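Values reported hereafter were calculated over all heavy atoms of this structure, with side chains retained and with hydrogens, waters and symmetry mates removed. Order of the sequence lines fixes the chain letters, A, B, ..., with proteins taken first and strands second; residue numbering starts at 1 for each chain. Predicted model only: the values in this text are computed from it and were never measured.
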Number of protein chains: 2
Amino acid sequence: MDHKPLYARIRDRLVGRLVSGSWTPGMLIPSEMELARQLGVSQGTVRKALDLMTAENLLIRRQGRGTFVAVPDEGRKQFQFFRLVPDSGEHLLPESRVTRRDTAAADAAEAAALAISRAAPVCRVERLRLLAGKPLLVETLSVPKARLDGFEALETIPNNIYGLYAARWGITIAGATEKLKAIAASKTDAALLGCATGEPLLCIERVAVDLENTPVEWRVSRCLTGEAHYLAELR
Amino acid sequence: MDHKPLYARIRDRLVGRLVSGSWTPGMLIPSEMELARQLGVSQGTVRKALDLMTAENLLIRRQGRGTFVAVPDEGRKQFQFFRLVPDSGEHLLPESRVTRRDTAAADAAEAAALAISRAAPVCRVERLRLLAGKPLLVETLSVPKARLDGFEALETIPNNIYGLYAARWGITIAGATEKLKAIAASKTDAALLGCATGEPLLCIERVAVDLENTPVEWRVSRCLTGEAHYLAELR
DNA sequence: CAGTGGTCTAGACCACCCA
DNA sequence: GGGTGGTCTAGACCACTGC
């Protein structure tokens, strides 16, 4: 059972330092040699663990400088989980305007997506996001109150919410699964987006997970794709 | 200029064997030790090159057996470039029905996507794809005639077209870029798909590239997403 | 200049597969 | 048993960074 390779167990121990908060975003971590001494393995094994974590976007290595803990929204990483880009190709972050908030027991869809019980309370936010002043999408997100206690009392919801999860609750969003469909705009969405009812919208349903692969957030976005598109790279 | 690391240059030489066809899909390639001798580098360097190629889905390594050239449509790899899955979760390959074919000079969109001139001839295929007998999507694909000569004379277009590119022209599709939008069904698409004109469709525009990153195929799919969705994993 | 990560080598032992 | 890839170690040299 515990016959994972040594480098994988080293990785797990180092991820533990991230989860426990003893390594914080942006921080310089000890050198390979130092870690090898601390952990009682060779430098090569530490390197393999660090390379794994680098591939997972958890660390950033810089020759001559050292190895750093990745900060969620650094440079392009801001867009790691935002694949909707203007047709013109520029990558801009949209502004946000919160249109609704509440806290209540999870509905069936939320309970399934977040792997929690129907009775568990969730906090919800609906917000409109605009690019260069024009409505781009409206999204509804739900998080388990148990996991992000105090979310419902936040005065403002920052634009970059994954940075908030990290700063306030020490939760790093490590990945997400998205399901895309084309739908017709509902009356309320159309009003928010300033388009016609029935207009085709790109619907993105996302479950975001933390380092331990536990669902943290469920989000459904309805996007106008007249001047933007969702970009996917397949390799 | 040429100061790429040794393992990267080894990778390029080995990719060359794939491109030239001296290594063919499914084939067992020489062992690490043998390659190290042939190429005059250490086993560790060969390993790093092979690991790279494995990560690119070009090779498959099996402990105790050896290293094999990946077969484009082996097992789940059939779906490497087919991200549209039924909501039920099963992964089935759709049947295809060709609805139109022609060969002509490239239009502006094709020339831009395939990086060829307007005068260059392209072969086009439009086909309807069905899942369990129900229309799922209609797609139009264009390939440069110069690159896939004889394509226009094919009697049948196989369901798995990337396997054909490999078998007939020795071209391996190594990656693709997809742009997604929500659009309203045109009259002709609606007729093919058996839906109402104006019905929201998921439009997937894909440029597929070969091992050397040269565009090989341009494809635009219009999909019904009533009972299926496009699945994306973000890491 | 010293310290870091990046590359490259050499060799050991293991787990797995097949004849 | 002999060969394969998978893991782990140890040490060398290089390229880059900052003092």
Side-chain angles (χ1 to χ4, degrees), chain A residues 1-15 17-18 22-71 74-75 77, chain B residues 1-15 17-18 22-71 74-75 77:
Chain A
M1 305 283 88
D2 61 331
H3 293 50
K4 279 212 281 187
L6 185 53
Y7 69 83
R9 280 174 287 159
I10 296 294
R11 185 212 85 109
D12 291 346
R13 289 181 62 178
L14 297 183
V15 167
R17 298 193 184 186
L18 293 176
S22 91
W23 283 357
T24 57
M27 178 182 158
L28 173 67
I29 72 169
S31 73
E32 295 179 350
M33 285 304 238
E34 171 58 20
L35 287 171
R37 268 193 301 275
Q38 283 180 18
L39 300 164
V41 299
S42 82
Q43 186 197 5
T45 301
V46 169
R47 161 155 296 163
K48 205 156 179 182
L50 294 180
D51 284 347
L52 256 187
M53 295 173 71
T54 302
E56 293 174 284
N57 291 313
L58 301 179
L59 299 178
I60 296 173
R61 317 195 70 184
R62 280 200 260 258
Q63 188 171 128
R65 304 270 312 276
T67 303
F68 299 81
V69 180
V71 342
E74 185 180 303
K77 309 229 165 267
Chain B
M1 315 276 317
D2 59 334
H3 291 52
K4 280 211 280 187
L6 184 54
Y7 69 83
R9 279 175 287 158
I10 296 295
R11 184 210 87 107
D12 291 345
R13 289 181 62 180
L14 297 184
V15 167
R17 298 194 184 185
L18 293 176
S22 91
W23 283 358
T24 57
M27 177 183 158
L28 173 67
I29 72 170
S31 72
E32 295 180 351
M33 286 305 241
E34 172 59 20
L35 286 172
R37 268 193 301 274
Q38 282 180 20
L39 300 165
V41 299
S42 81
Q43 185 197 6
T45 301
V46 169
R47 162 156 294 169
K48 206 156 178 180
L50 295 181
D51 284 348
L52 257 186
M53 294 172 71
T54 302
E56 293 174 283
N57 292 313
L58 301 179
L59 300 178
I60 295 173
R61 316 195 72 186
R62 280 201 261 259
Q63 190 172 124
R65 302 273 312 275
T67 303
F68 300 81
V69 179
V71 180
E74 186 179 302
K77 309 228 165 270

> For B:Arg17, what residues pass the side-chain hydrogen bond (donor to acceptor under 3.5 Å, both in side chains) criterion, not counting sequence neighbours?
Replying inline: B:Gln38

>> Applying side-chain hydrogen bond (donor to acceptor under 3.5 Å, both in side chains), can you list everything that pairs with B:Arg65, at least two apart in sequence or on another chain?
In response: none

>> Give me each pair satisfying salt bridge (charged side-chain N to carboxylate O under 4.0 Å, His left out) with a member in residues 35-44 of chain A, each pair once, sequence neighbours excluded.
In response: A:Glu34-A:Arg37

> Axis-to-axis angle across the helix from C:dC1-D:dG18 to C:dC18-D:dG1, five pairs an end, to 10 degrees?
Replying inline: 10°

>> Surrounding CE of B:Met27 (heavy atoms of other residues, nucleotides or ligands, distance under 6.0 Å), is the total greater than 12?
In response: yes

Could you write out each protein N or O paired with an N or O of nucleotides 4-8 of chain C at a distance under 3.5 Å?
{"residue": "C:dT4", "atom": "O2", "partner": "A:Gly64", "partner atom": "N", "Å": "3.2"}
{"residue": "C:dG5", "atom": "OP1", "partner": "A:Thr67", "partner atom": "OG1", "Å": "3.2"}
{"residue": "C:dG5", "atom": "OP2", "partner": "A:Glu32", "partner atom": "N", "Å": "3.1"}
{"residue": "C:dG6", "atom": "OP2", "partner": "A:Arg61", "partner atom": "NH1", "Å": "3.2"}
{"residue": "C:dG6", "atom": "O4'", "partner": "A:Gln63", "partner atom": "NE2", "Å": "3.1"}
{"residue": "C:dG6", "atom": "N7", "partner": "A:Arg47", "partner atom": "NH2", "Å": "3.2"}
{"residue": "C:dT7", "atom": "OP1", "partner": "B:Tyr7", "partner atom": "OH", "Å": "3.1"}
{"residue": "C:dT7", "atom": "O4", "partner": "A:Arg47", "partner atom": "NH1", "Å": "3.3"}
{"residue": "C:dC8", "atom": "OP1", "partner": "B:Leu6", "partner atom": "N", "Å": "2.3"}
{"residue": "C:dC8", "atom": "OP2", "partner": "B:Leu6", "partner atom": "N", "Å": "3.1"}
{"residue": "C:dC8", "atom": "OP2", "partner": "B:Tyr7", "partner atom": "N", "Å": "3.1"}

>> Can you list everything that forms a salt bridge (charged side-chain N to carboxylate O under 4.0 Å, His left out) with B:Arg61? Sequence neighbours excluded, please.
In response: B:Glu32, B:Asp51

> With sequence neighbours excluded, what pairs up with B:Leu6 under the side chain to side chain contact (heavy atoms under 4.5 Å, CB included) test?
Replying inline: B:Arg9, B:Ile10, B:Val41, B:Thr45

>> Restricting to side chain to side chain contact (heavy atoms under 4.5 Å, CB included), what partner residues turn up for B:Ala8, sequence neighbours left out?
In response: B:Lys4, B:Pro5

